[in-house]
Amino acid sequence: MPRLPLFPLDLVLFPGEPLPLHIFEPRYRELLADCLAADQRFGITASIPPVPGAIGSIARIRASQPLDDGRSNIVVLGERRFALRALLDEGRSYLVGSVEEFDDQPGTAPLPQERAELMGLAEEYRKALGILADSEDETDWAEPSEAFTFQVAALTGLDVEAKARLLATRSTRERTQRLVDLLPPLIRLVRARAEVHVRARTNGKGGHGHDIVH
């Protein structure tokens, strides 16, 4: 089984999701140096400490900016998921694990109408987020349904536990259905915040800002 340096964090990294990280602890400085000298990959798990059976994602280093004091700023991109099978004793200051990579099970694609329903909800959510942030995300949705569900999951403001359940799900259809159930209350919450934001921004200016469609 492949081995991976492990970086436990209180977050979930989805396949295809970019993530900026600030590296400052000595053990993770060592991890970063070893990764840059090798295949530039390490594993992120939300399980702290990681234990056999923990689910995580491979993070590939896309950019690294060393700082004068030994710290670094890096950007990683989530790749395939893995299940941690065992912790290895390699004499490093950081953890190393034996992992088994996996994708969704074959034959679990959502029905076309289920993907379309999720697409509609995801667009509503993204639009509300754009109003709240005074910017619009024009990133295209991924075509393969598995990648699309991870793209939507990464966009949500769900807690770590909920995101971890989505990451561990090995059925694309099941993940699609979960997101369809999870998104409506999130949309309502973000829309309410967006309305307050628009009113505050236009207060006293006579403007109307964006229309929030319900």
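The residues of the chain are indexed from 1 along the displayed sequence. Just the heavy atoms: all of them, side chains too, but no hydrogens, waters or symmetry mates, feed the values below.
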> Please tell me whether Phe150 and Met119 are part of a single hydrophobic cluster in this structure, the criterion being side-chain heavy atoms less than 4.5 Å apart.
yes
> Decide side chain to side chain contact (heavy atoms under 4.5 Å, CB included) for Leu67 and Ser72; before the verdict, give the C-alpha distance in whole Å, the side-chain angles of both, and the deciding distance to 0.1 Å.
CA-CA 5 Å; Leu67 304 176; Ser72 296; 5.7 Å; no
> Measure across Leu183 and Ala122 and return the closest heavy-atom pair with its distance rounded to 0.1 Å.
CD1-N, 4.0 Å
> Do Arg175 and Thr149 have side-chain atoms, one donor and one acceptor, less than 3.5 Å apart?
yes
> Do other residues, nucleotides or ligands put more than 12 heavy atoms under 6.0 Å from the CG atom of Asp159?
yes
> Group every Ile, Leu, Val, Met, Phe, Trp and Tyr by side-chain heavy-atom contacts under 4.5 Å, then state whether Val99 and Ile58 land in the same group.
yes
> How far apart are the C-alpha atoms of Thr45 and Phe7, what are their side-chain angles, what is the distance that settles it, and do they pass the side chain to side chain contact (heavy atoms under 4.5 Å, CB included) test?
CA-CA 7 Å; Thr45 72; Phe7 195 160; over 6 Å; no
> Rounded to the nearest 0.5 Å, what's the gap from NZ on Lys163 to CG on Leu182? Could you check?
11.5 Å
> For Ala83 and Arg170, work out which heavy atoms get closest and say how close.
CB-NH2, 4.2 Å
> Under the rule for salt bridge (Lys or Arg N to Asp or Glu O under 4.0 Å), what residues qualify as partners of Arg3, not counting sequence neighbours?
Glu90
> If you take all heavy atoms of Pro185 and Asp181, which pair is closest and at what distance?
CD-O, 3.8 Å
> Can you give me the closest heavy-atom contact between Thr156 and Leu186, atom names plus distance?
CB-CD1, 4.0 Å
> Would you say Ser47 and Pro8 make side-chain contact, with heavy atoms under 4.5 Å?
no
> Look up atom CD1 in Ile187 and atom OH in Tyr125, then write down how far apart they are to the nearest 0.5 Å.
8.5 Å
> Using distance alone, with no hydrogens and no angle criterion, decide if Arg178 and Thr169 have a side-chain donor and acceptor under 3.5 Å apart.
yes
> For Glu30, which residues count as a side-chain contact (heavy atoms from CB on, under 4.5 Å) partner, sequence neighbours excluded?
Asp34, Arg92, Ser93, Tyr94
> Against the six-membered ring of Trp141, is Arg126 placed for a cation-pi contact (under 6.0 Å from the centre, within 45° of the normal)?
yes
> Provide the closest heavy-atom pair for Ala109 versus Thr172 in the form atom of the first, atom of the second, distance.
CA-CB, 4.3 Å
> Could you list all the salt bridge (charged side-chain N to carboxylate O under 4.0 Å, His left out) pairs where at least one residue sits in residues 48-72, not counting sequence neighbours?
Arg60-Glu79, Asp69-Arg71
> Would you check, one step at a time, whether the test side chain to side chain contact (heavy atoms under 4.5 Å, CB included) holds for Ile48 with Leu9?
CA-CA 7 Å; Ile48 304 175; Leu9 288 169; 5.5 Å; no
> Can you confirm if the NZ or CZ of Arg115 lies within 45° of the ring axis of Phe148 and under 6.0 Å from the centre of its six-membered ring?
yes
> Is it true that the NZ or CZ of Arg80 lies under 6.0 Å from the centre of Phe102's six-membered ring and within 45 degrees of the ring axis?
no
> Could you see if Leu95 belongs to whatever hydrophobic cluster contains Leu32? Use Ile, Leu, Val, Met, Phe, Trp, Tyr and a side-chain cutoff under 4.5 Å.
no
> For a 4.5 angstrom cut-off between non-hydrogen side-chain atoms, does Pro2 reach Ser98?
no
> With a 4.5 Å heavy-atom cut-off, do Leu4 and Val96 have their side chains touching?
no
> Would you say Phe42 ends up clustered with Leu36 if hydrophobic residues are merged whenever their side chains have heavy atoms under 4.5 Å apart, either directly or through other cluster members?
yes
> Provide the closest heavy-atom pair for Ile74 versus Ser64 in the form atom of the first, atom of the second, distance.
CG2-OG, 3.7 Å
> Salt-bridge test for Arg81 and Glu146: reply yes if a basic N is under 4.0 Å from a carboxylate O, no otherwise.
yes
> Is Leu132 reachable from Leu155 through a run of hydrophobic residues whose side-chain heavy atoms are each under 4.5 Å from the next?
yes
> Any heavy-atom pair between the side chains of Leu77 and Ile61 that's under 4.5 Å?
no
> Do Ile23 and Leu21 come close enough that some side-chain heavy atom pair is under 4.5 Å?
yes
> List the steps and the verdict of salt bridge (Lys or Arg N to Asp or Glu O under 4.0 Å) for Arg191 and Glu195.
CA-CA 6 Å; Arg191 278 177 171 168; Glu195 285 187 351; over 6 Å; no
> Is it true that Arg29 and Glu25 make a salt bridge, defined as a side-chain N closer than 4.0 Å to a carboxylate O?
no
> Answer yes or no: is there a donor N or O on one side and an acceptor on the other, between the side chain of Glu114 and the main chain of Leu111, under 3.5 Å?
yes
> Between Glu123 and Lys127, does at least one N-O distance fall below 4.0 Å, as a salt bridge requires?
no
> So do Leu31 and Leu6 actually touch side chain to side chain, heavy atoms under 4.5 Å?
no
> Does Asp140 offer a backbone N or O that forms a donor-acceptor pair with the side chain of Gln151 under 3.5 Å?
yes
> Run the side chain to side chain contact (heavy atoms under 4.5 Å, CB included) check on Ile44 and Val12 step by step: do they pass?
CA-CA 8 Å; Ile44 290 180; Val12 171; over 6 Å; no
> Taking C-beta and beyond as the side chain, do Leu167 and Leu13 meet within less than 4.5 Å on heavy atoms?
no
